[in-house]
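Reviewing the structure listed below.
Proteins get letters first, then strands, A, B, ... in listed order; numbering begins at 1 in each.
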Amino acid sequence: MTATLGTVTLVTAFGLTLYAMVASYCGARFSRPALAASAQAGVLALAGLLTLAVVLMEVALLTNDFSLEYVARNTSRATPLVYKVSGLYGALEGSILLWLFMLGLFSALVVLIYRRDERPTTQALLPYAISVLMAVTGFFLLVTVVPANPFATIPGGFVPPDGQGLNPLLHDPGMAAHPPMLYLGFTGFTVPFAFGMAALITGRLDHGWIVSTRKWTVAAWYFLSAGILLGGWWAYHVLGWGGIWAWDPVENASFMPWLTGTAFLHSVMVQERRGMLKVWTLVLIILTFVLTLFGTFLTRSGILSSVHAFTTSSIGLYFLGAVAVALVGSLTLLAARGDKLRSEGTLDSVVSRESAFLMNNVFLVGACFTVFLGTIFPLLAEAVRGVKVSVGAPFFNAVNVPLGLGLLLLMGIGPLIAWRRASYEQLRRHFLWPGVAGLAAAALLFALGVRGWPALSAFGLGTFVAAVVVGEFARVARARAAATGERFWTALGEVAARNRRRYGGLIIHLGIVCIAVGITASFGFQKAREVSLAPGEAVEFEGYRIRYLEVTADQQPHRFVLGARLDVTRGDERLGAFVPAKNFFEGRQDPTTTVAIRSTLKEDLYLILGDVAPDGSHVTLRVLVNPLVMWIWIGGVVLSLGTLLSVLPERQTVLVPAARPVRAGLAAAARGQPE
Amino acid sequence: MSTRGKKLLAGGAVILAALGYLIYSSMSTAVVYFVTPTELVEQGAGARNKALRLGGMVEQGSLDWNPRTLDLRFRLTDGKTSIPVAHKGTPPDLFAEGKGAVVEGRVNPDGSFAASAIMAKHSEEYRPPKAGEMPVFQKGRYQQAPLAPGASASEATQR
């Protein structure tokens, strides 16, 4: 029943998508408003159908409808409620359904938001953008209808008495939130891509399409960032190897569009402000979109062996085809419009904001290329030379660390340096003291015994960026306080509220600095030791004293938990009992790990259970001390706040005539222009 | 082309060349070759001083794990050749005799392998059910294991 209803829903949605795609295009092309309007209604109906499909799947998951193969594979009677719900995206078919659902919702949102938008560019672009969105949605529907139907029944009508249960590794709140965030990011970038394509189709290649989709871009970027961070958080807490990032192909697949998306976010500013980099900006959004498809191809086709790639299935070919079509189609369109994409401005000086943004783009795209090469190199090597190789973290780190350091430096320079040409005086005023602070921080850390130029540079540059951002906030707030007589903090709030995009962006930079510092410290200065302990025996490590008390065993409905109770003290302070454990799920080969972590702002004590003697006479433990990990998560929160500020509607400044000279100067200061 | 244009082009070329060199030099040191025990022996001295991944099956009867000293010794075989491997640390959960494993490390002058990391291979996604166990839904195969004599009636009616 559900199977039929679900499949019929998806097939109907596919038909509707095709109609909306063609009708929207023809309606605009041949000036038939009624046709275009029917396409918009179609998009709204499509969102309804896709919602129905998701609801049907959720009901099937919650009611243990094991006649559906997907339900039987990804949930069981004993699966806790929340993980039955998140079972929707526990495997391939459901993930595609979720992706599709988000695409449908976003398309409907695009219709609802932009059909009332009176800007002529938006009105001209909207029908074509809808067409492109529908083409993408149509592709995903094709995938769900043919090779990856989530509503497929088990062949022969067999209904197993119980399902296999959700993959145990996904029994975690981080994993319940990580995929939806990531997919919101991936699908979110489809909207600026669709508008960019619409701009190419219509030849309206001014920055109208960028302005119309600016907040979509920021939101998509944010969701992708948050998704990646949550993935790292999950890996740290659940995979239990002590780090957040392993340059695994699945991780790289999400990181590549993030890199190009970040570059896009910056190049649009140059295009908006200076009319430059038009082709480049379009190339970046095309790349970002194509990389989201390519990532799915990499991780789902089974061509790369990844520790957590789902399955080998034919849908890899579908995605490869989609990548080819999207790439060739959009680049052809771009080439055809080359004449309309002349740059309006020129680069006046190498010491300018344009130049800083250009460098930022080169570094980000360079990093993306590196990740791409490292990810597919094993394939190339096997195809060309017939050797099996793997490219590990050393490669990715060796190339991306210098690029990352360059980006850190630019994060401090870019937002403050003047457009067109910066004078020596401006440079000195903005960067002298932050530069001194950065050097002083690096020197201080060196004196304290910190070694290694990448780490020292990262900490020094982090200090530099933080000083630039804090200094900028202080400077504009003081200027406003002096002009209006407001108190400093009130003035700070007012300034931030009046140019939310700029100050939100600066706060995001601050968040990235926290993340960069956390990553540098936890990667570069991790201390690890493996020990074997008998009951009552203790080990001293990095100031912690860890004593093994006893083995614990707990039979829960859906798993058996085997743990080791440890008593941890630091100096005279008792930190309490910690129980790192292994979870054995019925019907699964390998247990999952429960890491015991004690987090502080300074460092995390991270305890992993290894071997347990059947009688508890010994356990082996990996003891890790990871410095500053918490700053990565704090950076995530800061980044969220900054994004929130930057997408809130700008408050309009009402100019009081008498105060105009002062306010005008202030507004210029707030925009970061030279006064 | 203007002088500024030439400068920019030159600057861009320098950056790209630097990036290219960085990628090339890192790649040539960071690539890890995957070999089988037979290939390892064939390469002889050529395999020394290189990071390698050695893949094979853990030979029956070769596993020697001392949980107190954390010394792990075993032999990896591809059916033709078998290589002694030494590692310091707890083996991963799926690691067992007769199972596939991949080790990363270097060859010692005496031909044995010093592993810095061990990866157990998932032979299949799910283990087959044992006799007397609740029926388990098998990937690709929809078989039922015999119900244990003591199993409850409610389990039986669920079929």
Side-chain angles (χ1 to χ4, degrees), chain A residues 66 72-73 76-77 154-156 158 160-164 307 311 346-350 355 358-359 362-363 366 369-370 373-374 377-378 381 387-399 402-403 530-532 534 582 586-591 593 610-613 618-622, chain B residues 2 4-5 7-8 11-12 15-16 18-20 22-23 25-36 39 51 53 55 65-70 88-94 102 104 117 119-120 122-129 133-139 142 144 155-159:
Chain A
F66 299 128
R73 280 223 193 130
S76 68
R77 297 184 190 278
I154 296 171
F158 176 72
D162 200 358
Q164 286 178 321
V307 284
T311 44
T346 54
L347 194 58
D348 295 327
S349 163
V350 179
S355 166
L358 198 61
M359 289 288 283
V362 170
F363 283 17
F369 177 72
T370 308
L373 194 68
F377 189 80
V387 290
K388 282 195 167 177
V389 302
S390 66
V391 177
F395 167 72
F396 294 101
N397 293 338
V399 184
L403 290 174
E530 189 159 351
V531 294
S532 175
K582 291 179 186 226
E586 194 181 328
R588 303 278 173 174
Q589 270 187 326
D590 49 335
T593 310
D611 190 37
V612 181
H618 73 262
V619 292
T620 67
L621 288 175
R622 259 177 82 74
Chain B
S2 68
R4 197 184 301 125
K7 268 193 205 160
L8 265 175
I15 291 174
L16 287 184
L19 183 64
L22 195 59
I23 288 176
S25 62
S26 315
M27 191 66 100
S28 44
T29 54
V31 161
V32 180
Y33 287 86
F34 182 94
V35 292
T36 62
E39 285 167 349
R53 277 191 182 184
W65 160 234
N66 183 339
R68 295 304 288 160
T69 59
L70 301 171
K88 190 95 176 168
T90 309
D93 288 311
L94 290 181
V102 177
E104 189 166 321
M119 291 146 277
H122 295 230
S123 53
E124 213 194 356
E125 208 171 333
Y126 311 111
R127 73 179 162 82
E133 206 172 55
M134 267 290 287
V136 171
F137 178 67
Q138 276 286 132
K139 185 186 180 188
Y142 308 108
Q144 294 169 35
E155 280 170 359
T157 50
Q158 278 173 12
R159 301 191 175 203

Is it true that a side-chain atom of A:R77 and a backbone atom of A:P161 form a donor plus acceptor pair closer than 3.5 Å?
yes
Option that, when pairs with chain B are counted at under 4.5 Å, heavy atom only, ranks first among A:G374, A:P402, A:A534:
A:A534
Looking at B:P67, B:S25, B:A51, which one has more heavy-atom pairs under 4.5 Å with chain A than the rest?
B:P67
Per-residue contact mode, A:F363 against chain B (heavy atom under 4.5 angstrom)
side chain
Output the distance between atom CE (B:M119) and atom CZ (B:R53), rounded to the nearest 0.5 Å.
4.5 Å
Ranking A:A393, A:G392, A:S390 by heavy-atom pairs under 4.5 Å to chain B gives rank one to A:S390
Which answer fits B:L19, side chain, backbone, both or neither, if we ask what part of it has an atom under 4.5 Å from a heavy atom of chain A?
side chain
Per-residue contact mode, A:L403 against chain B (heavy atom under 4.5 angstrom):
side chain
Give, as side chain, backbone, both or neither, the part of A:A381 having an atom under 4.5 angstrom from any heavy atom of chain B.
neither
Check each atom of A:F369 against the heavy atoms of chain B and say whether the ones under 4.5 Å are side chain, backbone, both or neither.
side chain
Closer than 3.5 angstrom, by distance alone: can the side chain of A:K582 be matched with the main-chain N or O of B:D93 as a donor-acceptor pair?
no
As an exercise, state the distance from CZ of A:F377 to OG1 of A:T370, rounded to the nearest 0.5 Å.
13.5 Å
Could you go through A:I154 and A:F66, starting from their C-alpha distance and side-chain angles, then the distance that decides it, and tell me whether this counts as side-chain contact (heavy atoms from CB on, under 4.5 Å)?
CA-CA 9 Å; A:I154 296 171; A:F66 299 128; 5.8 Å; no
So, A:D611 side chain and B:T90 main chain: donor-acceptor pair closer than 3.5 Å or not?
no
Heavy-atom pair of closest approach, residues B:F34 and B:G55
CZ-CA, 3.9 Å
Please look at A:V619 and chain B and tell me whether the side chain, the backbone, both or neither of the residue comes under 4.5 angstrom of a heavy atom of that chain.
neither
Given a strict heavy-atom distance threshold of 4.5 Å, which part of A:V399 is in contact with chain B: side chain, backbone, both, or neither?
both
At a heavy-atom separation under 4.5 Å, does B:R68 approach chain A through its side chain, its backbone, both, or neither?
both
Which atoms of B:I15 come close to chain A, meaning under 4.5 Å heavy atom to heavy atom: side chain ones, backbone ones, both, or neither?
side chain
One should read off an interatomic distance between B:S26 OG and A:L373 CG, to the nearest 0.5 angstrom, of 10.5 Å
